[in-house]
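Heads up: the structure comes next, in C-alpha coordinates.
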Amino acid sequence: MDALIAHYHEIGLKGRNRMFFEDALVKNLRRALEGTGYKRVQRNYGRVLIELNPDADTEEVIARSARVFGIAYIGAGVQVPPDLERIKEVSLALLKDEPFTSFAIRARRQNSRLEMKSNLINVEVGSHVQGAIEAPVDLSNPDATVWIELFDDSGVVYRRRVKGPGGLPVGVSGRMLALLSGGIDSPVAAWRLARRGASVDFVHFHGQPFTDPSSVRQAQELAGVLARYQLKAKLHLIPLADAQREIVTHAASSMRVVLYRRTMVRIAAALADEMGYKALITGDSLGQVASQTIENIKTVDDAIPGVEILRPLIGNDKQEIIDLAIEIGTYDISTRAYQDCCVLFEPRSPATRSKVEQAELGESELDIDALVGKALAARETIQINFP
Ligand code: ATP
Ligand code: MG
(Lines give C-alpha, C1' and ligand atoms only; values in the text may rest on other atoms or scores of the structure.)
(Ligands and ions follow the chains in the order given, each with its own letter.)
Protein backbone atom coordinates (compact mmCIF):
# COMPACT_ATOMS: atom_id res chain seq x y z
CA MET A 1 0.00 0.00 0.00
CA ASP A 2 1.50 3.35 -0.94
CA ALA A 3 -1.32 5.82 -1.44
CA LEU A 4 -4.56 7.02 0.11
CA ILE A 5 -7.29 9.01 -1.48
CA ALA A 6 -9.44 11.08 0.87
CA HIS A 7 -12.96 12.09 -0.12
CA TYR A 8 -15.07 14.81 1.38
CA HIS A 9 -18.74 15.58 0.92
CA GLU A 10 -19.67 18.81 2.40
CA ILE A 11 -16.70 20.95 1.49
CA GLY A 12 -17.50 20.36 -2.13
CA LEU A 13 -20.70 22.32 -1.73
CA LYS A 14 -19.14 25.53 -0.60
CA GLY A 15 -19.04 27.48 -3.83
CA ARG A 16 -16.45 30.20 -3.86
CA ASN A 17 -15.22 29.24 -0.41
CA ARG A 18 -14.30 25.82 -1.64
CA MET A 19 -10.60 26.61 -2.01
CA PHE A 20 -10.49 27.92 1.54
CA PHE A 21 -12.04 24.72 2.88
CA GLU A 22 -9.85 22.48 0.77
CA ASP A 23 -6.70 24.33 1.78
CA ALA A 24 -7.65 23.92 5.44
CA LEU A 25 -8.26 20.21 4.92
CA VAL A 26 -4.89 19.69 3.24
CA LYS A 27 -3.12 21.68 5.93
CA ASN A 28 -4.84 19.72 8.71
CA LEU A 29 -4.04 16.41 7.02
CA ARG A 30 -0.37 17.32 6.75
CA ARG A 31 -0.29 18.25 10.39
CA ALA A 32 -2.15 15.10 11.41
CA LEU A 33 0.32 12.93 9.52
CA GLU A 34 3.50 14.50 10.84
CA GLY A 35 6.04 11.84 11.68
CA THR A 36 4.25 8.98 9.91
CA GLY A 37 6.45 8.98 6.82
CA TYR A 38 4.01 10.38 4.29
CA LYS A 39 5.56 11.79 1.14
CA ARG A 40 3.02 14.23 -0.15
CA VAL A 41 -0.52 15.46 0.47
CA GLN A 42 -2.14 17.13 -2.51
CA ARG A 43 -5.50 18.35 -3.67
CA ASN A 44 -6.83 16.59 -6.71
CA TYR A 45 -10.20 17.02 -8.39
CA GLY A 46 -12.33 17.22 -5.29
CA ARG A 47 -10.29 14.70 -3.35
CA VAL A 48 -6.96 14.66 -1.56
CA LEU A 49 -4.19 12.32 -2.62
CA ILE A 50 -1.85 11.14 0.13
CA GLU A 51 1.34 9.52 -1.13
CA LEU A 52 3.43 7.46 1.26
CA ASN A 53 7.13 6.71 1.48
CA PRO A 54 8.07 3.02 1.41
CA ASP A 55 8.83 3.03 5.14
CA ALA A 56 5.63 4.86 6.16
CA ASP A 57 3.53 3.50 9.01
CA THR A 58 0.49 2.76 6.86
CA GLU A 59 -1.92 1.79 9.61
CA GLU A 60 -1.04 4.90 11.57
CA VAL A 61 -1.58 7.05 8.47
CA ILE A 62 -5.02 5.49 7.97
CA ALA A 63 -5.99 5.83 11.63
CA ARG A 64 -4.92 9.46 11.79
CA SER A 65 -6.50 10.44 8.49
CA ALA A 66 -9.74 8.83 9.59
CA ARG A 67 -9.91 11.32 12.46
CA VAL A 68 -9.44 14.43 10.34
CA PHE A 69 -12.68 16.40 10.23
CA GLY A 70 -13.98 17.08 6.74
CA ILE A 71 -13.13 13.61 5.45
CA ALA A 72 -16.07 11.41 4.49
CA TYR A 73 -14.02 8.33 3.67
CA ILE A 74 -10.57 7.20 2.67
CA GLY A 75 -9.52 4.67 0.08
CA ALA A 76 -6.23 2.99 0.94
CA GLY A 77 -4.39 1.25 -1.88
CA VAL A 78 -1.77 1.49 -4.55
CA GLN A 79 -0.78 4.36 -6.79
CA VAL A 80 -0.86 3.57 -10.51
CA PRO A 81 0.13 5.27 -13.75
CA PRO A 82 -2.56 5.71 -16.44
CA ASP A 83 -1.77 2.28 -17.80
CA LEU A 84 -4.43 -0.40 -18.16
CA GLU A 85 -2.05 -3.36 -17.81
CA ARG A 86 -0.69 -2.04 -14.53
CA ILE A 87 -4.21 -1.30 -13.27
CA LYS A 88 -5.29 -4.88 -14.05
CA GLU A 89 -2.27 -6.26 -12.26
CA VAL A 90 -2.81 -4.15 -9.12
CA SER A 91 -6.55 -4.88 -9.04
CA LEU A 92 -5.94 -8.60 -9.20
CA ALA A 93 -3.23 -8.43 -6.54
CA LEU A 94 -5.55 -6.56 -4.18
CA LEU A 95 -8.30 -9.13 -4.67
CA LYS A 96 -5.87 -11.97 -4.08
CA ASP A 97 -4.92 -10.43 -0.73
CA GLU A 98 -8.08 -11.63 0.95
CA PRO A 99 -10.68 -14.24 -0.02
CA PHE A 100 -14.05 -13.04 -1.32
CA THR A 101 -17.23 -14.52 -2.78
CA SER A 102 -18.21 -11.93 -5.39
CA PHE A 103 -16.66 -8.73 -6.67
CA ALA A 104 -17.16 -5.49 -8.55
CA ILE A 105 -14.77 -3.11 -10.26
CA ARG A 106 -15.64 0.55 -10.08
CA ALA A 107 -13.54 2.93 -12.11
CA ARG A 108 -13.83 6.68 -12.13
CA ARG A 109 -11.70 8.99 -14.23
CA GLN A 110 -11.15 12.69 -14.25
CA ASN A 111 -8.96 14.14 -16.94
CA SER A 112 -7.01 10.89 -17.02
CA ARG A 113 -4.31 10.30 -19.63
CA LEU A 114 -5.82 6.85 -19.94
CA GLU A 115 -8.35 7.54 -22.63
CA MET A 116 -10.78 4.76 -22.05
CA LYS A 117 -14.32 5.08 -20.75
CA SER A 118 -14.78 4.02 -17.11
CA ASN A 119 -17.28 1.34 -18.08
CA LEU A 120 -14.82 -0.23 -20.44
CA ILE A 121 -12.11 -0.16 -17.78
CA ASN A 122 -14.52 -2.01 -15.46
CA VAL A 123 -15.13 -4.68 -18.09
CA GLU A 124 -11.44 -5.07 -19.02
CA VAL A 125 -10.26 -5.29 -15.41
CA GLY A 126 -13.19 -7.52 -14.45
CA SER A 127 -12.44 -10.08 -17.11
CA HIS A 128 -8.74 -9.99 -16.26
CA VAL A 129 -9.67 -10.87 -12.68
CA GLN A 130 -12.01 -13.64 -13.81
CA GLY A 131 -9.24 -15.04 -15.97
CA ALA A 132 -7.26 -15.64 -12.79
CA ILE A 133 -9.88 -16.20 -10.09
CA GLU A 134 -13.20 -17.92 -10.43
CA ALA A 135 -15.62 -15.52 -8.86
CA PRO A 136 -18.87 -13.93 -9.99
CA VAL A 137 -19.28 -10.23 -10.60
CA ASP A 138 -22.00 -8.74 -8.43
CA LEU A 139 -22.68 -5.09 -9.10
CA SER A 140 -25.47 -4.57 -6.59
CA ASN A 141 -24.00 -6.19 -3.50
CA PRO A 142 -20.41 -7.27 -4.09
CA ASP A 143 -18.42 -8.90 -1.32
CA ALA A 144 -15.26 -7.16 -2.52
CA THR A 145 -14.99 -3.95 -4.50
CA VAL A 146 -11.96 -2.61 -6.28
CA TRP A 147 -12.15 1.13 -6.82
CA ILE A 148 -10.04 2.69 -9.53
CA GLU A 149 -9.70 6.44 -9.40
CA LEU A 150 -7.75 8.01 -12.24
CA PHE A 151 -6.76 11.64 -12.72
CA ASP A 152 -4.17 13.36 -14.92
CA ASP A 153 -1.17 11.07 -15.15
CA SER A 154 -1.83 9.25 -11.90
CA GLY A 155 -4.42 7.24 -10.04
CA VAL A 156 -5.12 5.03 -7.04
CA VAL A 157 -6.50 1.52 -7.00
CA TYR A 158 -7.87 0.34 -3.69
CA ARG A 159 -10.03 -2.27 -2.07
CA ARG A 160 -10.07 -0.91 1.44
CA ARG A 161 -12.37 1.95 2.38
CA VAL A 162 -12.30 3.55 5.81
CA LYS A 163 -14.98 5.89 7.07
CA GLY A 164 -13.92 9.37 8.15
CA PRO A 165 -15.67 11.55 10.72
CA GLY A 166 -17.30 13.89 8.17
CA GLY A 167 -17.90 17.52 9.08
CA LEU A 168 -15.70 20.47 8.19
CA PRO A 169 -11.96 21.03 8.62
CA VAL A 170 -10.95 22.37 12.02
CA GLY A 171 -10.34 26.09 11.80
CA VAL A 172 -12.81 27.10 9.10
CA SER A 173 -15.44 28.11 11.66
CA GLY A 174 -13.08 30.15 13.82
CA ARG A 175 -11.82 29.76 17.39
CA MET A 176 -14.08 28.85 20.29
CA LEU A 177 -13.70 28.13 23.98
CA ALA A 178 -15.23 24.98 25.47
CA LEU A 179 -15.96 24.72 29.19
CA LEU A 180 -14.46 21.35 29.95
CA SER A 181 -15.38 19.60 33.19
CA GLY A 182 -14.02 16.15 33.89
CA GLY A 183 -17.36 14.58 32.98
CA ILE A 184 -18.90 12.83 30.01
CA ASP A 185 -20.78 15.61 28.26
CA SER A 186 -18.47 18.55 27.76
CA PRO A 187 -15.76 16.70 25.77
CA VAL A 188 -18.46 15.38 23.46
CA ALA A 189 -19.86 18.89 23.03
CA ALA A 190 -16.41 20.23 22.15
CA TRP A 191 -15.87 17.39 19.69
CA ARG A 192 -19.18 18.04 17.97
CA LEU A 193 -18.30 21.66 17.28
CA ALA A 194 -14.72 20.88 16.31
CA ARG A 195 -16.32 18.62 13.72
CA ARG A 196 -18.22 21.64 12.47
CA GLY A 197 -14.94 23.42 11.84
CA ALA A 198 -14.41 25.17 15.18
CA SER A 199 -10.86 25.37 16.46
CA VAL A 200 -11.59 24.68 20.12
CA ASP A 201 -9.54 25.63 23.16
CA PHE A 202 -10.56 24.53 26.63
CA VAL A 203 -11.12 26.10 30.00
CA HIS A 204 -11.39 24.00 33.14
CA PHE A 205 -12.37 25.34 36.56
CA HIS A 206 -10.99 23.53 39.55
CA GLY A 207 -11.65 23.73 43.27
CA GLN A 208 -8.11 23.50 44.58
CA PRO A 209 -7.04 23.70 47.37
CA PHE A 210 -10.44 22.49 48.62
CA THR A 211 -10.32 19.61 46.16
CA ASP A 212 -7.42 17.44 45.09
CA PRO A 213 -5.96 17.91 41.59
CA SER A 214 -7.92 14.99 40.11
CA SER A 215 -10.27 17.15 38.01
CA VAL A 216 -7.30 18.91 36.45
CA ARG A 217 -5.81 15.57 35.53
CA GLN A 218 -9.16 14.60 34.00
CA ALA A 219 -9.32 17.79 31.94
CA GLN A 220 -5.75 17.35 30.75
CA GLU A 221 -6.33 13.79 29.63
CA LEU A 222 -9.61 14.65 27.94
CA ALA A 223 -8.02 17.57 26.12
CA GLY A 224 -5.29 15.14 25.03
CA VAL A 225 -7.85 12.82 23.44
CA LEU A 226 -9.61 15.73 21.74
CA ALA A 227 -6.28 16.99 20.41
CA ARG A 228 -6.09 13.81 18.34
CA TYR A 229 -8.90 15.28 16.28
CA GLN A 230 -8.01 18.91 16.63
CA LEU A 231 -4.25 18.39 16.43
CA LYS A 232 -3.59 21.15 18.93
CA ALA A 233 -5.37 23.01 21.67
CA LYS A 234 -4.82 25.20 24.67
CA LEU A 235 -6.14 24.24 28.07
CA HIS A 236 -6.72 27.09 30.52
CA LEU A 237 -6.87 25.99 34.15
CA ILE A 238 -8.64 28.42 36.44
CA PRO A 239 -9.11 28.26 40.20
CA LEU A 240 -12.74 28.80 41.19
CA ALA A 241 -12.44 28.15 44.93
CA ASP A 242 -12.14 31.78 46.05
CA ALA A 243 -15.21 32.79 44.11
CA GLN A 244 -17.08 29.74 45.40
CA ARG A 245 -16.25 30.64 48.96
CA GLU A 246 -17.65 34.13 48.44
CA ILE A 247 -20.81 32.70 46.93
CA VAL A 248 -21.24 30.24 49.79
CA THR A 249 -20.81 33.03 52.34
CA HIS A 250 -23.13 35.55 50.75
CA ALA A 251 -25.86 33.79 48.79
CA ALA A 252 -28.76 31.44 49.49
CA SER A 253 -27.56 27.86 49.42
CA SER A 254 -30.14 26.77 46.85
CA MET A 255 -28.63 29.25 44.38
CA ARG A 256 -25.05 28.04 44.69
CA VAL A 257 -24.81 25.87 41.61
CA VAL A 258 -26.40 28.48 39.35
CA LEU A 259 -24.11 31.15 40.78
CA TYR A 260 -21.04 28.96 40.27
CA ARG A 261 -22.12 28.58 36.65
CA ARG A 262 -22.70 32.30 36.19
CA THR A 263 -19.25 32.94 37.57
CA MET A 264 -17.71 30.33 35.27
CA VAL A 265 -19.27 31.81 32.15
CA ARG A 266 -18.27 35.33 33.17
CA ILE A 267 -14.66 34.25 33.56
CA ALA A 268 -14.85 32.32 30.29
CA ALA A 269 -16.40 35.31 28.50
CA ALA A 270 -13.63 37.59 29.78
CA LEU A 271 -11.07 35.09 28.54
CA ALA A 272 -12.85 34.90 25.19
CA ASP A 273 -12.76 38.64 24.92
CA GLU A 274 -9.06 38.71 25.68
CA MET A 275 -8.13 35.83 23.40
CA GLY A 276 -10.58 36.40 20.57
CA TYR A 277 -12.78 33.32 20.93
CA LYS A 278 -16.03 33.78 19.03
CA ALA A 279 -18.27 31.67 21.29
CA LEU A 280 -18.37 29.51 24.40
CA ILE A 281 -19.33 25.83 24.29
CA THR A 282 -20.90 23.81 27.11
CA GLY A 283 -22.12 20.24 27.47
CA ASP A 284 -25.58 21.12 28.78
CA SER A 285 -28.43 18.81 27.86
CA LEU A 286 -31.94 20.03 28.59
CA GLY A 287 -33.23 18.83 31.93
CA GLN A 288 -30.39 16.39 32.56
CA VAL A 289 -29.56 17.82 35.99
CA ALA A 290 -30.84 20.66 38.15
CA SER A 291 -28.50 23.21 36.58
CA GLN A 292 -29.80 22.44 33.11
CA THR A 293 -33.48 23.36 33.25
CA ILE A 294 -34.43 26.03 30.74
CA GLU A 295 -34.91 28.49 33.62
CA ASN A 296 -31.41 27.89 34.94
CA ILE A 297 -29.90 27.97 31.48
CA LYS A 298 -31.50 31.38 30.96
CA THR A 299 -30.23 32.61 34.31
CA VAL A 300 -26.72 31.54 33.29
CA ASP A 301 -26.98 33.16 29.86
CA ASP A 302 -28.14 36.36 31.49
CA ALA A 303 -24.76 36.75 33.20
CA ILE A 304 -22.99 37.36 29.89
CA PRO A 305 -25.35 39.25 27.57
CA GLY A 306 -24.14 39.38 24.01
CA VAL A 307 -21.84 36.38 24.33
CA GLU A 308 -22.84 33.28 22.40
CA ILE A 309 -23.00 30.03 24.37
CA LEU A 310 -23.27 27.05 22.05
CA ARG A 311 -24.81 23.91 23.55
CA PRO A 312 -24.62 21.22 20.88
CA LEU A 313 -25.95 18.49 23.20
CA ILE A 314 -29.04 20.36 24.30
CA GLY A 315 -31.42 17.93 22.59
CA ASN A 316 -29.46 14.73 23.12
CA ASP A 317 -30.35 11.90 25.47
CA LYS A 318 -27.69 10.76 27.90
CA GLN A 319 -27.31 7.43 26.14
CA GLU A 320 -26.64 9.13 22.82
CA ILE A 321 -23.96 11.24 24.46
CA ILE A 322 -22.42 8.18 26.09
CA ASP A 323 -22.34 6.32 22.76
CA LEU A 324 -20.51 9.19 21.14
CA ALA A 325 -18.12 9.52 24.08
CA ILE A 326 -17.21 5.85 23.64
CA GLU A 327 -16.73 6.33 19.92
CA ILE A 328 -14.42 9.32 20.24
CA GLY A 329 -12.45 7.79 23.09
CA THR A 330 -13.28 10.05 26.02
CA TYR A 331 -15.72 7.83 27.92
CA ASP A 332 -13.24 5.78 29.93
CA ILE A 333 -11.51 8.90 31.17
CA SER A 334 -14.75 10.74 31.94
CA THR A 335 -16.13 7.92 34.07
CA ARG A 336 -13.22 7.80 36.47
CA ALA A 337 -13.77 9.24 39.92
CA TYR A 338 -12.57 12.80 40.42
CA GLN A 339 -13.29 15.76 42.65
CA ASP A 340 -15.37 18.30 40.82
CA CYS A 341 -15.37 21.91 42.01
CA CYS A 342 -19.15 22.14 41.66
CA VAL A 343 -19.84 19.62 44.39
CA LEU A 344 -18.06 21.84 46.88
CA PHE A 345 -20.65 22.91 49.43
CA GLU A 346 -23.35 21.41 47.24
CA PRO A 347 -26.76 22.24 48.70
CA ARG A 348 -29.29 19.51 49.41
CA SER A 349 -31.93 21.06 47.20
CA PRO A 350 -30.60 23.24 44.41
CA ALA A 351 -33.02 25.64 42.73
CA THR A 352 -34.35 24.07 39.57
CA ARG A 353 -36.30 27.11 38.37
CA SER A 354 -34.15 30.04 39.24
CA LYS A 355 -34.94 33.59 38.27
CA VAL A 356 -32.42 36.18 37.23
CA GLU A 357 -33.56 38.39 40.13
CA GLN A 358 -32.70 35.64 42.63
CA ALA A 359 -29.25 35.32 41.09
CA GLU A 360 -28.71 39.05 41.18
CA LEU A 361 -29.81 39.16 44.80
CA GLY A 362 -27.34 36.41 45.62
CA GLU A 363 -24.59 38.34 43.91
CA SER A 364 -25.47 41.71 45.41
CA GLU A 365 -22.86 41.45 48.11
CA LEU A 366 -20.15 40.14 45.82
CA ASP A 367 -17.57 42.13 43.93
CA ILE A 368 -18.06 40.16 40.73
CA ASP A 369 -15.54 42.04 38.62
CA ALA A 370 -12.87 41.55 41.23
CA LEU A 371 -13.61 37.83 41.51
CA VAL A 372 -13.49 37.40 37.75
CA GLY A 373 -10.28 39.42 37.49
CA LYS A 374 -8.60 37.48 40.26
CA ALA A 375 -9.54 34.10 38.83
CA LEU A 376 -8.39 35.11 35.38
CA ALA A 377 -5.09 36.37 36.68
CA ALA A 378 -4.48 33.10 38.50
CA ARG A 379 -4.95 31.00 35.37
CA GLU A 380 -2.44 28.60 34.04
CA THR A 381 -2.39 27.74 30.33
CA ILE A 382 -1.10 24.48 28.95
CA GLN A 383 -0.41 23.82 25.28
CA ILE A 384 -1.64 20.42 24.16
CA ASN A 385 -0.27 19.02 20.91
CA PHE A 386 -0.75 16.00 18.78
CA PRO A 387 1.11 13.82 18.15
P1 ATP B 1 -20.32 17.19 32.12
O2 ATP B 1 -20.52 15.74 31.91
O3 ATP B 1 -19.81 17.90 30.91
O4 ATP B 1 -19.57 17.50 33.37
P5 ATP B 1 -22.75 17.43 33.51
O6 ATP B 1 -23.89 16.63 32.99
O7 ATP B 1 -22.01 16.94 34.67
O8 ATP B 1 -21.78 17.78 32.31
P9 ATP B 1 -22.90 19.97 34.77
O10 ATP B 1 -21.97 19.51 35.80
O11 ATP B 1 -24.15 20.66 35.15
O12 ATP B 1 -23.37 18.84 33.80
O13 ATP B 1 -22.12 20.93 33.78
C14 ATP B 1 -22.74 21.50 32.67
C15 ATP B 1 -21.66 22.10 31.79
O16 ATP B 1 -20.97 23.14 32.47
C17 ATP B 1 -20.60 21.11 31.44
O18 ATP B 1 -20.94 20.32 30.32
C19 ATP B 1 -19.41 22.00 31.17
O20 ATP B 1 -19.47 22.55 29.86
C21 ATP B 1 -19.60 23.11 32.17
N22 ATP B 1 -18.82 22.80 33.40
C23 ATP B 1 -19.26 22.20 34.51
N24 ATP B 1 -18.27 22.09 35.43
C25 ATP B 1 -17.18 22.62 34.87
C26 ATP B 1 -15.82 22.81 35.28
N27 ATP B 1 -15.39 22.42 36.48
N28 ATP B 1 -14.96 23.41 34.43
C29 ATP B 1 -15.39 23.81 33.20
N30 ATP B 1 -16.63 23.66 32.76
C31 ATP B 1 -17.53 23.08 33.57
MG1 MG C 1 -20.23 17.70 35.41
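We count ligands from 1, going down the list as the structure has it; atoms in each ligand are counted the same way. Everything numeric here is computed off the predicted structure, so don't read it as measured data. For the single chain, residues carry numbers from 1 onward in sequence order.
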- Query: Should the ring pair F69 and Y229 be called parallel, tilted or perpendicular, given that the plane angle runs from 0 to 90° and is split at 30 and 60?
  - Reply: parallel
- Query: Considering only the protein, which heavy-atom contact is closest to atom 15 (C) of ligand 1, and what is its distance?
  - Reply: D284 OD1, 3.7 Å
- Message: Looking at R30 and E34, is there a salt bridge between them, counting it only when a charged N and a carboxylate O are closer than 4.0 Å?
- Response: no
- Under-4.0 Å heavy-atom contact with ligand 1, by part of V289 that carries it: side chain
- Protein contact to atom 1 (P) of ligand 1 [nearest heavy atom, distance to 0.1 Å]: S181 OG, 3.2 Å
- Any N/O of R261 closer than 3.5 Å to an N/O of ligand 1? yes
- Just let me know how C341 lines up against ligand 1, side chain, backbone, both or neither, with a heavy-atom cut-off below 4.0 Å. side chain
- Note on the structure: Numbered in order shown, the ligand 1 atoms found under 4.0 Å of a heavy atom of S291 are 11 (O)
- Can you pull out the closest protein heavy atom to atom 17 (C) of ligand 1? Residue, atom name and distance to 0.1 Å, please. G283 N, 3.9 Å
- Query: Is ligand 1 under 4.0 Å from a heavy atom in the side chain of H206, in the backbone, in both, or in neither?
  - Reply: neither
- Between E124 and K117, is the closest basic N to carboxylate O distance under 4.0 Å? no
- Message: Whether R336 and E221 form a salt bridge (side-chain N of Lys/Arg under 4.0 Å from carboxylate O of Asp/Glu) is what I want to check.
- Response: yes
- Message: Give me the nearest non-hydrogen protein atom to atom 28 (N) of ligand 1 as residue plus atom name, then the distance to 0.1 Å.
- Response: F205 N, 3.0 Å
- Query: Would you call K318 and D185 a salt bridge, taking side-chain N to carboxylate O under 4.0 Å as the test?
  - Reply: yes
- Item | Candidate with minimal heavy-atom separation from atom 3 (O) of ligand 1, of G182, S186, G183 | S186
- Message: Testing L280, V372, V203, D201 one by one against L271 for a side chain to side chain contact (heavy atoms under 4.5 Å, CB included), which residue passes?
- Response: V203
- Does the distance from a Lys or Arg side-chain N to an Asp or Glu carboxylate O, for E85 and K88, drop under 4.0 Å? yes
- Message: Any heavy atom of V188 closer to ligand 1 than 4.0 angstrom?
- Response: no
- Going by the order shown, which atoms of ligand 1 are within less than 4.0 Å of some heavy atom of D340? 27 (N)
- Item | Subset of ligand 1 atoms that lie under 4.0 Å from at least one heavy atom of V203 | 29 (C)
- Query: Looking at R43 and D23, does any basic side-chain N land under 4.0 Å from a carboxylate oxygen?
  - Reply: yes
- Query: Any protein heavy atom under 4.0 Å from atom 7 (O) of ligand 1?
  - Reply: no
- Identity and distance of the protein heavy atom lying nearest atom 5 (P) of ligand 1: D185 OD2, 3.5 Å
- For atom 12 (O) of ligand 1, the closest protein heavy atom turns out to be Q292 NE2, 2.8 Å
- Message: Is the positively charged end of R108 above the ring of W147, judged by distance under 6.0 angstrom from the centroid and angle within 45° of the axis?
- Response: no
- Does any N/O atom on T282 come nearer than 3.5 Å to any N/O atom on ligand 1? no
- Query: Who's the nearest protein heavy-atom neighbour of atom 19 (C) of ligand 1, and how far?
  - Reply: L179 O, 3.3 Å
- Task: Starting from atom 29 (C) of ligand 1, find the nearest protein heavy-atom neighbour and note its residue, name and distance.
- Result: L180 O, 3.3 Å
- Hey, is D301 close enough to K298 for a salt bridge, meaning N to O under 4.0 Å? no
- Message: What I want to find out is whether R262 reaches E363 closely enough, with some N-O distance under 4.0 Å, to be called a salt bridge.
- Response: yes
- Query: Mind checking whether I184 has an N or O less than 3.5 Å away from an N or O of ligand 1?
  - Reply: yes
- Query: Relative to the ring of H7, is the ring of Y73 parallel (under 30°), tilted (30 to 60°) or perpendicular (over 60°)?
  - Reply: parallel
